[in-house]
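The figures that follow rest on heavy atoms only: side chains count, while hydrogens, waters and symmetry mates do not.
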Amino acid sequence: MEKYKILMEINRKAVFEEEISDSEKEEAVSRFLNGTCCKEAILKFKKRMRVKPETDNMYPNYYIPPFNGNKKLRLIQGYLPKTYILYANHYELEIIRLLSIFAPENRKVNELAENTLHRLKNTCFGNSCTQGECLATGISVLRLLAVTRPDESEWIDKLLIPLGDTFCSFGNGQAAMQKGLPLSYLLMAFTDINNEKTKDLISQKKEWLIDLLRRGWITGKLSNGKISEGDSYNLMGKYIIRKAIGTLPGYEDISRHEIYVSRKDKRCYCNI
């Protein structure tokens, strides 16, 4: 759970644009590098997933995700995954992404990244699979590529095409989840890539995204007084949407539009 908490906290700070100190980065690198799973644990996990460990590429080789009892935990932006394909790969790829940002010259980090990219090349979700949560798992691959292989335009485009097509088909309804994709996580990947294709995709849905910023979203407590864990990530979602729109020409200063929680109804809004 320790590595998971570090992963979540660093990404939370990044979304809210809070400072991440050098000591925090160093501690994260140390914990992640010293926390790779042993071969026996990896073997046990892959057998549990009913794959052949010696030939499997679908599941991690270094980091097995933690569990709350027998339950999966949420992704870095709050989505609760349904499959182990998404849950396990998200966990490993997001850790290796941070390692690649914080310690790009480290030999072991480069080895982890190289071996993982080789694994991903041999997966369906690393090659634009659109079935179930494989499509969403492609978001994690995009995020890693944005850091480790930003010039791999062919590979990036292969993932962007189905993700972009699905994104452009989004309509009214629940903003957090559309057509099997967690919206804010997808926008995080688009913002990471930040090329003409992602800007065009965001631009096509610009008015819809601005409308989502203006809407009041629950920040955790429901009308019956109960706490909704998923809705507690809505404030983070607003920041992610605002940052994505900020990649567009003419919206570079969108951060001046405040995101806040209303004292009246405890919902989060943006004054755009």
Side-chain angles (χ1 to χ4, degrees), residues 1-35 63 65-66 68 72-81 87 89-106 109 112-113 139-140 142-148 150 175-176 182-194 198 209 212-213 217-220 227-247 251-261 266 268-270:
M1 284 294 291
E2 181 184 42
K3 295 190 294 294
Y4 175 82
K5 289 178 180 178
I6 293 172
L7 179 66
M8 295 294 282
E9 177 61 11
I10 288 176
N11 277 281
R12 185 197 67 79
K13 283 192 168 187
V15 169
F16 289 119
E17 299 182 348
E18 298 176 10
E19 181 183 359
I20 303 170
S21 67
D22 288 340
S23 61
E24 286 179 287
K25 294 175 184 178
E26 291 169 3
E27 177 70 10
V29 170
S30 176
R31 296 289 184 182
F32 289 151
L33 287 182
N34 291 323
Y63 298 99
N68 180 18
K72 304 178 189 70
L73 301 174
R74 293 182 182 274
L75 306 191
I76 55 171
Q77 46 59 256
Y79 173 65
L80 187 61
Y87 183 46
N89 280 284
H90 161 273
Y91 183 67
E92 176 162 278
L93 302 191
E94 289 291 344
I95 286 177
I96 295 174
R97 175 184 178 274
L98 287 184
L99 284 171
S100 299
I101 293 172
F102 295 160
E105 304 301 323
N106 184 286
V109 169
L112 292 177
I139 300 172
S140 299
L142 267 183
R143 293 254 296 165
L144 181 61
L145 288 175
V147 171
T148 60
L183 172 64
S184 55
Y185 193 39
L186 180 59
L187 289 176
M188 289 175 80
F190 285 174
T191 306
D192 292 337
I193 298 296
N194 193 23
T198 58
L209 291 170
L212 292 181
L213 279 180
W217 287 354
I218 297 170
T219 54
I227 298 296
S228 172
E229 183 186 359
D231 288 334
S232 67
Y233 288 90
N234 280 339
L235 183 63
M236 179 183 283
K238 295 279 189 186
Y239 277 82
I240 293 169
I241 293 172
R242 188 180 67 176
K243 187 173 182 179
I245 296 173
T247 64
Y251 287 86
E252 294 87 354
D253 64 345
I254 195 173
S255 60
R256 66 184 174 85
H257 292 285
E258 180 188 5
I259 293 171
Y260 64 96
V261 177
K266 305 300 181 183
C268 57
Y269 299 86
C270 179

Note: Arg97 and Asp192 closest approach over all heavy atoms is NH2-OD1, 3.6 Å

Rounded to the nearest 0.5 angstrom, the CD1-OG distance for Ile218 and Ser232 is 11.5 Å

Side-chain H-bond candidate by donor/acceptor type, Tyr91 with Ser140, under 3.5 Å:
no

In Å, rounded to the nearest 0.5 Å, how long is the span from CD of Glu24 to CZ of Phe102?
8.5 Å

Hey, is Lys5 close enough to Glu9 for a salt bridge, meaning N to O under 4.0 Å?
no

When every non-hydrogen atom of Tyr87 is compared with those of Lys72, the smallest separation belongs to CD2-CG, 3.8 Å

For the atom pair CZ (Phe32) and CD (Glu94), what is the distance rounded to the nearest 0.5 Å?
10.0 Å

Is there a side-chain contact (heavy atoms from CB on, under 4.5 Å) between Thr247 and Phe190? Walk through the geometry before answering.
CA-CA 9 Å; Thr247 64; Phe190 285 174; over 6 Å; no

The residue among Leu235, Val261, Asn234 that forms side-chain contact (heavy atoms from CB on, under 4.5 Å) with Trp217 is Asn234

Specify the closest pair of heavy atoms between Gln77 and Ser184, including all atoms of both residues, with the distance to one decimal.
NE2-OG, 2.8 Å

So Lys25 and Ile101, do their side chains get closer than 4.5 Å, heavy atoms only?
no

pair Asn106-Leu99: side-chain heavy atoms closer than 4.5 Å:
no

Which heavy-atom pair separates Pro66 from Leu73 by the least distance, and what is that distance?
CG-CD1, 3.8 Å

The reported gap from CG in Leu186 to OG1 in Thr191 (rounded to nearest 0.5 angstrom) is 9.5 Å

Taking it one step at a time, do Leu98 and Ile6 satisfy side-chain contact (heavy atoms from CB on, under 4.5 Å)?
CA-CA 10 Å; Leu98 287 184; Ile6 293 172; 5.9 Å; no

Note: Ile193 and Leu142 closest approach over all heavy atoms is CD1-O, 3.8 Å

Atom CZ of residue position Arg12 - does it have more than 12 heavy atoms of other residues, nucleotides or ligands inside 6.0 Å?
yes

Nearest non-hydrogen partners of Ile76 and His90, listed with the distance:
N-NE2, 3.2 Å

Leu112 and Ile95, any side-chain heavy atoms less than 4.5 Å apart
no

Kindly indicate, with the supporting measurements, whether the criterion side-chain contact (heavy atoms from CB on, under 4.5 Å) is fulfilled by Phe16 and Ile259.
CA-CA 10 Å; Phe16 289 119; Ile259 293 171; over 6 Å; no

Between CG of Leu145 and CZ of Arg143, what distance do you get to the nearest 0.5 Å?
12.0 Å

Is there a side-chain contact (heavy atoms from CB on, under 4.5 Å) between Thr148 and Ile96? Walk through the geometry before answering.
CA-CA 9 Å; Thr148 60; Ile96 295 174; 5.6 Å; no

Passing option when Ile240 is tested against Lys243, Lys238, Arg242, Met236 for side-chain contact (heavy atoms from CB on, under 4.5 Å):
Met236

Ser30 side chain vs Glu26 backbone, donor-acceptor pair below 3.5 Å
no

